Protein chains: 2
Amino acid sequence: MSPERFMKNVESSTSTLYQVASAAGVSPATVSRFLNGTAKVSEDKRRTIERVIDELNYKPNRLAQSLKIGSTRTIGVLTQSLESGYFNRAMVGIEDAVKAAGYALLIMSGHWHADEEAERVELLIGRRVDGVAILTGNMSDQQILDFSKRVPIVAFGRDVQGARTHGFCLDNYRGACEAVEYLIAQGHRRIAHIAGPDDHRDARARLAGYHDTLARHRIEADPRLVVAGDFSESGGLLALNGLLAANLRFTAIFAANDLTAYGARLALYRRNIRVPEDISLVGFDDLESSMYTTPPLTTVRQPLYDAGIGIGRRMLAMLAHEQPEGEVPQLSLIVRESVRLL
Amino acid sequence: MSPERFMKNVESSTSTLYQVASAAGVSPATVSRFLNGTAKVSEDKRRTIERVIDELNYKPNRLAQSLKIGSTRTIGVLTQSLESGYFNRAMVGIEDAVKAAGYALLIMSGHWHADEEAERVELLIGRRVDGVAILTGNMSDQQILDFSKRVPIVAFGRDVQGARTHGFCLDNYRGACEAVEYLIAQGHRRIAHIAGPDDHRDARARLAGYHDTLARHRIEADPRLVVAGDFSESGGLLALNGLLAANLRFTAIFAANDLTAYGARLALYRRNIRVPEDISLVGFDDLESSMYTTPPLTTVRQPLYDAGIGIGRRMLAMLAHEQPEGEVPQLSLIVRESVRLL
DNA sequence: TTGAAAGCGTTACCAC
DNA sequence: GTGGTAACGCTTTCAA
């Protein structure tokens, strides 16, 4: 065997449809038809084509297909952080919803920064994704609407609507109400709230739920009892330290999210304040790990996986030029062991 | 304004380089050269091209570029789970390492299932990624080597090597040794181990580290003290329940990973066994949240972000036909508050 | 400095 | 049924 011949076998030669066609003695069109089942191909040609494909280890070039077809069968996802258990749960839902239809996900993250988000969406569009799913973020509605002139968009956690933009949100307000209702039902009156970033839609909804529920029960809201957090553990820790230092009386804490609750929990632990015996604690999100904190955290579950399924389905609908629709999954209070009956 | 004219403005008309060219009165080649800085373009043409691009809101079609160029500037990542804080930390590292070079990540997950992994890699290659990064998984080394005939591969958590395959692992064995050494230094002798899945390379390394360290200190290993887990919280919980039920004496637990430790922690909590006063606990991984458990968990940190950077850099090197190289980041014991001095 | 044209790997239309 | 061939939107010779 000559060296050249040998090289041929070794090199990572990606074969093309043309090579298959000529090796099989048919036209490229026929091979294409065979591959896609676009039209009948006679039994004998079919057989040789199959054999040649196998010999050459031919795999279609999706790039070329996409260019020709005008669709990449890819949906772009703008997340905010690759490391967020919150977003990633939704991502899994999206993937599960669209993968049967042959779509893959192209994921980019915007890190809660409007400029970066826009830049990423631009990249996504440049790569010709068929649609983009936007998970919350700080872009303006107008920016989203502008992008939607170029690509269909489903926006989660935003209530923007447009010709090719479909947004939907979970009802964070109601979730917060449920949490506070529960605390009140357990006899709590002095309830502190560690809020999320006030430029964050969901954080504001949760705070509003807190206020309104208190009001509905004619419980006087002590403004000193709501302190700022930032949706992170360290934020929760700091916030609670502040609260404790202020020497305020309270029997329960409603944290804007689970991470905040974890931080608060640690602050309490450090001072030997027991949960729930001394202070009750409820979170928001129901992260994977909240079932395994000590004590297991009572929290409001966000049905992120289902939301992801919803995002995926809506996207599929838009791509099929149908009206996107579907229920919005409900939040629900998961009662575990971090709240005490007063 | 006629309806037709109006439609033209509204439609999501993606303009092409040809349109730009003809509108600017130059050849497509010139526009391309301007766009890529491939050759000098006279000042006046340059200006009109710029203007037309702006007017038409032209954006290059990366698909067509890639097809022509033969590179998608995309690196495929085979992860095992989109929801794993462990893998995602590495992912962020990879992204940070390659994004400056203009690469994006195409992420697919194999769910620890060899067949699915192979299928995903096949999809990745079909989409013509320039390289693929494999994060552990259950494929055989041979499969990886086979894939590497078609695309350069860097495999993390595997020690496969080949012409276009570069694998590297973190030293889990040493990490485990350090953890157990520490426990021994704190006076512990009866140390239980909740192992990981025994078909998992890292799990085996950690178990070996446990055994060898005990042996090195001439501490008799009680085989009943090592119980099976599965790297999950529930596995840890169950394992510890078993251990407790067997009524064995031990003062410390070395869990195969942090999730397992969380589960064990809860099992202890349920029985009012204090950590670390009654039982000491050390984990492995140092997940984000381990700093905020109660008590904060002493654990072996896996420098996953750095590993991700390493993966990215090695990939870049391979793509540049250079020899991939670089340090392997070291594991380190993070001492927090879950171990007691005996 | 610029343009014409070939070609990247497909699909699909138009003939036969 | 099947083949020829023109696109898809770009880059890059080769000439001028």
Side-chain angles (χ1 to χ4, degrees), chain A residues 12-50 52-53 56-74 102 123 125-130 150-151, chain B residues 12-50 52-53 56-74 102 123 125-130 150-151:
Chain A
S12 65
S13 63
T14 312
S15 47
T16 73
L17 183 143
Y18 259 82
Q19 296 170 355
V20 172
S22 69
V26 299
S27 81
T30 304
V31 180
S32 173
R33 285 192 273 253
F34 163 74
L35 252 20
N36 304 312
T38 321
K40 279 228 157 60
V41 173
S42 73
E43 194 47 34
D44 53 334
K45 303 214 189 237
R46 170 181 212 92
R47 239 193 290 280
T48 43
I49 292 175
E50 246 163 354
V52 172
I53 284 182
L56 266 48
N57 190 28
Y58 166 75
K59 315 274 174 180
N61 183 333
R62 300 270 328 237
L63 233 50
Q65 284 183 166
S66 297
L67 179 60
K68 182 65 195 172
I69 291 290
S71 153
T72 51
R73 291 251 137 191
T74 303
L123 285 176
I125 297 179
R127 281 164 185 266
R128 293 301 186 269
V129 295
D130 294 346
R150 300 200 270 149
V151 70
Chain B
S12 65
S13 65
T14 312
S15 47
T16 73
L17 183 142
Y18 261 80
Q19 296 171 353
V20 172
S22 71
V26 300
S27 81
T30 305
V31 179
S32 172
R33 286 192 272 251
F34 163 72
L35 251 19
N36 305 310
T38 320
K40 281 230 158 58
V41 172
S42 70
E43 195 45 35
D44 55 332
K45 305 215 185 236
R46 171 182 212 91
R47 239 194 289 281
T48 43
I49 292 175
E50 246 164 354
V52 172
I53 284 183
L56 265 49
N57 191 26
Y58 167 75
K59 315 275 173 179
N61 184 333
R62 299 273 327 237
L63 235 49
Q65 284 183 168
S66 297
L67 180 59
K68 181 65 194 175
I69 290 290
S71 153
T72 52
R73 292 252 137 188
T74 302
L123 285 176
I125 296 179
R127 281 166 185 266
R128 294 299 187 271
V129 294
D130 294 346
R150 300 201 271 148
V151 70

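FYI, side chains are in, hydrogens and waters are out, and symmetry mates aren't considered; it's all heavy atoms of this structure. Chain A is the first sequence line, chain B the second, and so forth, proteins listed ahead of strands; every chain is numbered from 1. The structure presented is a predicted model; accordingly, all values stated were derived computationally and were not measured.
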Given side chains that start at C-beta, do those of [X] and [Y] come closer than 4.5 Å, heavy atoms only?
X: A:Ile49; Y: A:Ile53; answer: yes
X: B:Lys45; Y: B:Phe34; answer: no
X: A:Thr30; Y: A:Arg33; answer: yes

Original post:
Should A:Glu43 and A:Arg47 be marked as a salt bridge (charged side-chain N to carboxylate O under 4.0 Å, His left out) after you check the CA-CA gap, both sets of side-chain angles, and the distance that decides it?
Top reply: CA-CA 6 Å; A:Glu43 194 47 34; A:Arg47 239 193 290 280; 3.5 Å; yes

Subject >> Contact list for DNA chain D against residues 35-47 of chain B - heavy-atom distance below 4.0 Å >> reply: B:Asn36

So, the side chain of [X] versus the backbone of [Y]: is there a donor-acceptor pair under 3.5 Å, distance only?
X: A:Ser32; Y: A:Pro28; answer: no
X: B:Asn61; Y: B:Leu63; answer: yes
X: B:Arg62; Y: B:Thr72; answer: yes

Subject >> Closest contact, heavy atoms only, B:Arg150 versus B:Ile125 >> reply: NH1-CG2, 3.8 Å

Original post:
Which atom names give the shortest non-hydrogen contact between A:Arg128 and B:Pro60, and what distance separates them?
Top reply: NH1-O, 3.8 Å

**OP:** Classify the side-chain pair B:Thr74/A:Arg127 by whether it contains a donor and acceptor separated by less than 3.5 Å.
**Re:** yes

Whole Å only: how far is the [atom1] atom of [X] from the [atom2] atom of [N]?
X: B:Leu63; N: D:dT11; atom1: CG; atom2: C1'; result: 15 Å
X: B:Ile49; N: C:dT1; atom1: CD1; atom2: C1'; result: 11 Å
X: B:Arg62; N: D:dT11; atom1: CZ; atom2: C1'; result: 14 Å
X: A:Gln65; N: C:dT11; atom1: CD; atom2: P; result: 5 Å
X: B:Arg128; N: C:dT10; atom1: CZ; atom2: C1'; result: 11 Å
X: A:Leu17; N: C:dG9; atom1: CG; atom2: C1'; result: 8 Å
X: A:Asn61; N: C:dT10; atom1: CG; atom2: C1'; result: 8 Å
X: B:Phe34; N: C:dT1; atom1: CZ; atom2: C1'; result: 15 Å

Subject >> Distance in Å, B:Leu56 CG paired with B:Thr14 OG1, rounded so as to fall on 0.5 Å steps >> reply: 11.0 Å

Original post:
How far does CD of A:Gln65 sit from CG of B:Leu67, to the nearest 0.5 angstrom?
Top reply: 11.5 Å

What contact category does [X] fall into here, base, sugar-phosphate, or nothing, at under 4.0 angstrom with non-hydrogen atoms?
X: B:Ser32; answer: base
X: B:Tyr58; answer: sugar-phosphate
X: A:Leu67; answer: base

Subject >> Global bending angle along the helix from C:dT1-D:dA16 to C:dC16-D:dG1, which compares the axes of five pairs at either end, to 10 degrees >> reply: 40°

Subject >> Among C:dT10, D:dT12, D:dG9, the nucleotide that comes nearest once only the side chain of A:Ala64 is considered >> reply: C:dT10

Pairs: protein N or O with nucleotides 4-7 of chain D N or O, under 3.5 Å:
unit_1, atom_1, unit_2, atom_2, d
D:dA7, N3, A:Lys68, NZ, 2.7

